[in-house]
S.K.: 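One structure, as structure tokens, below. Some questions next.
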Amino acid sequence: GAGVSQTPSNKVTEKGKYVELRCDPISGHTALYWYRQSLGQGPEFLIYFQGTGAADDSGLPNDRFFAVRPEGSVSTLKIQRTERGDSAVYLCASSLTDREDTQYFGPGTRLTVL
Amino acid sequence: AQSVTQLDSHVSVSEGTPVLLRCNYSSSYSPSLFWYVQHPNKGLQLLLKYTSAATLVKGINGFEAEFKKSETSFHLTKPSAHMSDAAEYFCVVRATYNTDKLIFGTGTRLQVFP
């Protein structure tokens, strides 16, 4: 079946602009996770949803970052007033539940802030 | 708090020789540990996972890892490297207190020479 998909695959924006990154999880997966991977580093956790609610948002770096999952499927990560330091690959993962099930990752969105 | 340390940022081997990628973990609880692989321009793929069952875990593509509590280690091995094994490898621990997030190491880049 289809895996986790993310759009766009690449996004170039200017400092100060607003961006939205989209994640389509595997069908039927109730848990969805966002991670950020900076160059040469391992992925770092941002937020995860169980159903429509954010179960843990402790990794969001500041209030410019926000994520939603209104119908418990697709999720959107929103970044306001982008900064050059936001440049990274944003990864999405989903799992069947949040009870220690395997997390399956999408290919990521590469965000470049000029 | 849980954490993992990957002891080598780069490992180079010749095709057909053994592979050893080292990982030490820190956890107050009985940890869930994983190895993920990331090929260039591809998503993270789960190689194997340890969740307190057998201490020797077999994964895909001939990889295996051994959980050693006395050494707090979870090293990844393969008897014979293949050119297609060249990739970035991440040791990962699952946070267990009130969350389901994954905590990644900084990664080990494996090069395989013919």
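Every chain is numbered from 1, with letters handed out A, B, ... down the list of sequences.
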S.K.: What residues of residues 104-114 of chain A make heavy-atom contacts with chain B at a cutoff under 4.5 angstrom?
M.R.: A:Phe105, A:Gly106, A:Pro107
S.K.: Measure distances from A:Ser58 to the heavy atoms of chain B and classify the residue's part below 4.5 Å as side chain, backbone, both or neither.
M.R.: side chain
S.K.: When you measure from the side chain of B:Gln2 to the backbone N and O of B:Pro31, does any donor-acceptor pair fall under 3.5 Å?
M.R.: no
S.K.: Please give me the minimum heavy-atom distance between B:His75 and B:Trp35, naming the atom from each residue.
M.R.: C-NE1, 4.2 Å
S.K.: Taking only residues two or more places apart in sequence or in another chain, which ones pass salt bridge (charged side-chain N to carboxylate O under 4.0 Å, His left out) with A:Lys11?
M.R.: none
S.K.: Name the region of A:Gln37, side chain, backbone, both or neither, that has any atom closer than 4.5 Å to a heavy atom of chain B.
M.R.: side chain
S.K.: Determine yes or no for a side-chain-to-main-chain donor-acceptor pair under 3.5 angstrom, with A:Thr82 supplying the side chain and A:Glu14 the backbone.
M.R.: yes
S.K.: Do the side chains of A:Glu44 and A:Arg36 get close enough for a salt bridge, i.e. N-O under 4.0 angstrom?
M.R.: no
S.K.: Are more than 12 heavy atoms from other residues, nucleotides or ligands located less than 6.0 Å from atom CG of A:Leu39?
M.R.: no
S.K.: Can you tell which part of A:Leu91 gets under 4.5 Å to a heavy atom of chain B, answering side chain, backbone, both or neither?
M.R.: side chain
S.K.: If you round to the nearest 0.5 Å, how far is SG of B:Cys23 from CG of B:Asp8?
M.R.: 11.0 Å
S.K.: Please identify each residue that fulfils side chain to side chain contact (heavy atoms under 4.5 Å, CB included) with B:Gln45, with sequence neighbours left out.
M.R.: B:Val37, B:Ile60
S.K.: Ring of B:Phe63, cation from B:Lys78 - is the NZ or CZ under 6.0 Å from the centre and inside 45° of the axis?
M.R.: yes
S.K.: Select all residues of residues 101-114 of chain B having any heavy atom within less than 4.5 Å of some heavy atom of chain A, and report them by number, or 'none'.
M.R.: B:Lys101, B:Leu102, B:Phe104, B:Gly105, B:Thr106
S.K.: What's the shortest heavy-atom distance between A:Val68 and A:Ser75, and which atoms?
M.R.: O-OG, 2.9 Å
S.K.: Of the backbone (N, CA, C, O) and the side chain (C-beta and beyond), which part of B:Gln6 lies under 4.5 Å from a heavy atom of chain A, both, or neither?
M.R.: neither
S.K.: Determine, using ring centers only, whether B:Tyr25 and B:Phe74 are less than 6.0 Å apart.
M.R.: no
